[in-house]
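In what follows, chains are A, B, ... by sequence order, proteins preceding strands, each numbered from 1. Being a predicted model, the structure only gives us computed values, none of them experimental.
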Amino acid sequence: MSNSTAASKKSVLYDWLTTVDHKKIGIMYFFGGLFFFTIAGIEAMLMRIQLMFPEMGFVGEQTFNELLTMHGTTMLFLAAMPLFFAFMNFVVPLQIGARDVAFPFINSLGLWLFIFGGIILNISWMTGGGPDAGWTAYTPLSTTSGGHGVDYYVMGLQVAGAGTLMSAINFLVTIVNMRAPGMSMMRMPLFTWTTFVTSMLILFAFPALTIGLLLIMLDRIFGGAFFDVALGGNVVIYQHLFWIFGHPEVYILILPAFGIFSEVIPTFAKKRLFGYTAMVFATMIIGFLGFMVWAHHMFTVGMGPVANAIFAVATMAIAVPTGIKIFNWLLTLWGGRIKFTTANLFALAFIPSFVLGGVTGVQLAMSAADYQFHDTYFVVAHFHYVIIGGSVLGIFSATFYWWPKMFGYRLSETLGKWFFWLFLIGFHLTFFVQHFLGLMGMPRRVGSYLDGQGLNEMNFISSMGAFLMGFAFILLVINVLVSRKNTDNVQDPWDGRTLEWATTSPVQEYNFAQTPLVRDLDAFWYEKMEGDGRMKAAEPLDDIHMPNGSILPIFISLGFSILAFGVIYSQWWLMIVGGVFMFSMMFIRSIKEDHGYHIPVSEIKKEKGEG
Amino acid sequence: MANEAIQPNVLPQNPEKATLEGRNKYLGFWFFLGGETVLFASLFGTYLGLRNSYDGGPGPQDLFHLDLVFIMTMLLLTSSLTSVFAVINMKKGNFKKMLTWMWGTVILGLGFLGFEIYEFVVYYDQGLGYTVSAFASSFYTLVGTHGAHVTFGIAWIITLLIRYRKTGLTLANAPKFNTAVLYWHFIDVVWVFIFTVVYLLGVGG
Amino acid sequence: MSHVDPSAPLEGKPTKESERNLKRESRTQLVSFIFMIFITSTAFLTVASDIVPTGFAIPFILLLASIQVIMQLYVFMHMNHGSRWINVMMWAGLFVAAMTVAALMILIGVTKY
């Protein structure tokens, strides 16, 4: 077997394209997610310009439909989830004291499938218009939509979704099998726990989406009759499949944020997380209930009063575990020595913002009242309050919190606080008024509104808020560029509690020279208080086994993408070319045994400064 | 890491779970099967929702022949047993016998696949085209997805059998064979529901 | 230090005890297989013969299918021999699967509940 460490001699670009290192994959997820976040943000800006004044002619109705579809799809699948995956990839193995993830190759494949899926979706803009059936792609609207937009939606999400499922299995196995000695399940940091539950949700939710998309594809391209009522089809089936996936999906988006806040708040309050066990179980209960409530998106479909009532009650029950979490965060802050860093400001702003979204959620859960709220701006306001007020604030909090560990420099706090306040004000300005627009009857997903209906002022305010958010985001980009000299105090800048702060910055490719021994919850903090401030080693210094990089993940993703284009344009030869290419790459992966290489002790000692 | 219990070249009790890589593969594949359960459930649900929508085309009672389905079921069930014997021989360190049993699984699987293709051809001739009715689409999609899994499983096992025909049992290939066998059992599990829900309920329900 | 080579052929015999266990296991598997053949045939006969009333036949063959699946999972696939998380994930998957099938059967707007 090969014992070479020749990997370091390759070019930088080739190294990043072939890497199986979870930290580099995390960083690529981060920039991929940020790129799509920017695109989806621009799409939102264009919509808000169109809605700034009544009967604006800025973009046409068709373009508006495409914008709203792509904004939602991109934000959820290509921005928010990859950004969370970025932190999960980077942080979770460090937090559990692992050298690597369970499936480095699969992890890299997940990343490239996401990137190729995102590219496929966005190519639709250049080939005659994006998908226009909403991010939910309800049938029969999606099965009868003209052009190839919806085909791009279906295949792009199929490619990206496959990657997501692989990443989820990777996280699950990593967390179950690769924890450091002493790190029992109930000593895991909360972010690792929420990653675990999130991955479970992905594992059981994404297959339903796969089938939903498959059925649309079969109907549109291969003449299936699933949603063709004339041939006995039933369009409600799609709504069920979509929301069996879709409702867990929104918990997939919020649970990692809950985990992030559960790391940030104790760190900056200098207190152990209040009610750790309750937090873990609340996470699990939220995950469980996430699968029990999907039909509350379909109250107006006509399932019947008993079905509506059951799902209404189940939905309201989710407020209980969420409330447990909110009170635990408040009690963690209670009596703490709170530091108002940017990361913590985002966490503190999250609590009231998210509660607002939660309250409107319970309102929407009342099925009778939902007949009024359904498909109005009230719903738009609600889910932006939970997704921006929860997920996006979480992503920004994590960005400021983990940036020193990921990139080796600290982001400027001054610019960061400007960014925080402008973003927060812009966010509330945009979406608070939308509650009232919705109650006044303004329907969502409509590209214009008439003058003289009392909607003008609030729409104008909403657009102004959106611009403020956009401006704030530019401050973040500037911050990333100008703060690069802050390279001092990056190893443990916040006096952290969990294991990732016990590593060097930047982190060695093997994470820990010796696997750490975990003696309590908040392992690093315990050593700071009870030990000598360094992690005890659980094993003697020895050669470290590392996996080799591989270019195959890109080739497999490329093959899948070619196959996807074959389907989009109904070209059998292209499907066969793509399929054969994809399967031959998988075949090579299967028959080629690659056992990685070992880093010798001498080199590890040299890097530790002992050699 | 975590390999300390292994002595070089000595047969461990469970060769498929002796290394961390093997344990990861084992666990990860089970989790994947958990997800596959939902995948097939979505197809089953769609079929059950649409199974009475023949819309003038042929329905289950015109088409299904239980004798054919019974033979297919027996083939797949027996192939499950041969793969079980393959794993037992792997644990005995009897690599040659393991390969033989696995070839048995492949042959039985191919037999199943042949019958399935024959079945589809017959249905098509009886007027059940894919685009004829919602029942037709959902039937072909459910049973076809299962058939695609069978095809993939056969290709996977043949790949392993040819790749490792001469290497003997190793710590690297034991988990691979074991995972392929798990996959094969899962295909059988899905078929149990297909013959019950699609064929038996189609004829008798 | 020498590293374990994963592509080196494994030699030697299993211990006497595991040899015995494996022999016992083969027998268990064979008996289970015969039992599965039996219940499969029963299910087919229940439907094929006209004697059994439909109201009884449907729940009965569904029960037989469930028994066979449980046997596959626990006897053939050894679901109990790995991590307890395997059980968690499979049963969670089966739970979501049951909800999905139930919803698509009864909540698609054909009959209102």
* Within the 6.0 Å centroid threshold, strictly below: B:Phe115 and B:Phe112 -> no

* Asked: Do any of residues 72-79 of chain C come closer than 4.5 Å to chain B, heavy atom to heavy atom, and if so which ones, in number order?
  -> C:Gln72, C:Leu73, C:Phe76, C:Met77, C:His78, C:Met79

* Structural part of B:Val69 lying under 4.5 Å from a heavy atom of chain C -> both

* Do the side-chain N and O atoms of B:Tyr26 and C:Ser83 include a donor-acceptor pair separated by under 3.5 angstrom? -> no

* Look at B:Thr37, B:Leu48, B:Leu77, B:Leu50 and state which one has the largest set of heavy-atom pairs under 4.5 Å with chain C. => B:Leu77

* Centres of the B:Phe186 and B:His149 rings: under 6.0 Å? -> no

* To do: For the residue pair B:His146 and B:Phe40, categorise the inter-ring angle as parallel (less than 30°), tilted (30 to 60°) or perpendicular (more than 60°).
  => perpendicular

* Structure fact -> With chain C, the option among B:Phe95, B:Phe195, B:Tyr47, B:Phe193 that has the most non-hydrogen atom pairs under 4.5 Å is B:Phe195

* Asked: Is the closest side-chain heavy-atom distance between B:Lys92 and B:Met98 below 4.5 Å?
  -> no

* Proximity breakdown for C:Glu25 and chain B, heavy-atom pairs closer than 4.5 Å -> both

* May I ask you to name which of C:Ala103, C:Pro14, C:Ala102 has the most heavy-atom pairs under 4.5 Å with chain B? => C:Pro14

* Over all atoms of both residues, closest heavy-atom pair of B:Phe44 and B:Val190 -> CZ-O, 4.0 Å

* **Which atoms of C:Ala57 approach chain B - backbone, side chain, both or neither, heavy atom under 4.5 Å** => neither

* To do: Between chain C and each of B:Thr78, B:Asp67, B:Leu43, count heavy-atom pairs under 4.5 Å; write down the option with the most.
  => B:Thr78

* Asked: Only one of B:Trp30, B:Trp156, B:Phe177 forms a ring pair (Phe, Tyr, Trp, His ring centres under 6.0 Å) with B:Tyr183, so which one is it?
  -> B:Trp156

* Asked: Which pair of heavy atoms, one from B:Gly111 and one from B:Leu75, lies closest together, and at what distance?
  -> C-CD1, 3.8 Å

* What part of C:Gln29 gets closer than 4.5 Å to chain B, counting heavy atoms only: side chain, backbone, both or neither? -> both

* **Most chain C-contacting option - heavy-atom pairs closer than 4.5 Å, from B:Thr73, B:Thr167, B:Ile88, B:Asn178** => B:Ile88

* Among C:Val96, C:Val88, C:Leu94, C:Ile37, which residue forms the greatest number of heavy-atom pairs with chain B at distances under 4.5 Å? -> C:Ile37

* Any idea which heavy atoms bring B:Arg23 and B:Ala18 closest together, and the distance? -> NH1-O, 3.5 Å

* Between B:Pro15 and C:Leu10, what is the shortest heavy-atom contact and its length? -> CB-CD1, 4.1 Å

* When only pairs under 4.5 Å are counted, which of B:Val38, B:Val189, B:Leu81 shares the most heavy-atom pairs with chain C? -> B:Leu81

* Asked: With a 4.5 angstrom heavy-atom cut-off, which part of C:Thr15 approaches chain B: side chain, backbone, both or neither?
  -> neither

* To do: Go through C:Ile86, C:Val101, C:Val69, C:Ile61 and name the one with the most non-hydrogen pairs under 4.5 angstrom from chain B.
  => C:Ile86

* Ring centres under 6.0 angstrom apart (B:Tyr140, B:Tyr123) -> no

* chain B contacts: which residues in residues 105-113 of chain C have a non-hydrogen atom closer than 4.5 Å to it? -> C:Met105, C:Ile108

* To do: Spell out, as yes or no, whether a donor-acceptor pair under 3.5 Å connects the side chain of B:Asn14 to the backbone of B:Glu16.
  => no

* Check whether any side-chain heavy atom of B:Phe70 sits under 4.5 Å from a side-chain heavy atom of B:Leu66, and report yes or no. => no

* Closest approach of B:Val106 to B:Ile154 (non-hydrogen atoms, all atoms of both residues) -> CG1-CG2, 4.2 Å

* May I ask you to check whether B:Ser83 and B:Thr105 show a side-chain donor-acceptor distance below 3.5 Å? => no

* **Nearest heavy-atom neighbours spanning B:Leu63 and B:Gln126** => CD2-OE1, 3.8 Å

* Name the region of C:Trp85, side chain, backbone, both or neither, that has any atom closer than 4.5 Å to a heavy atom of chain B. => both

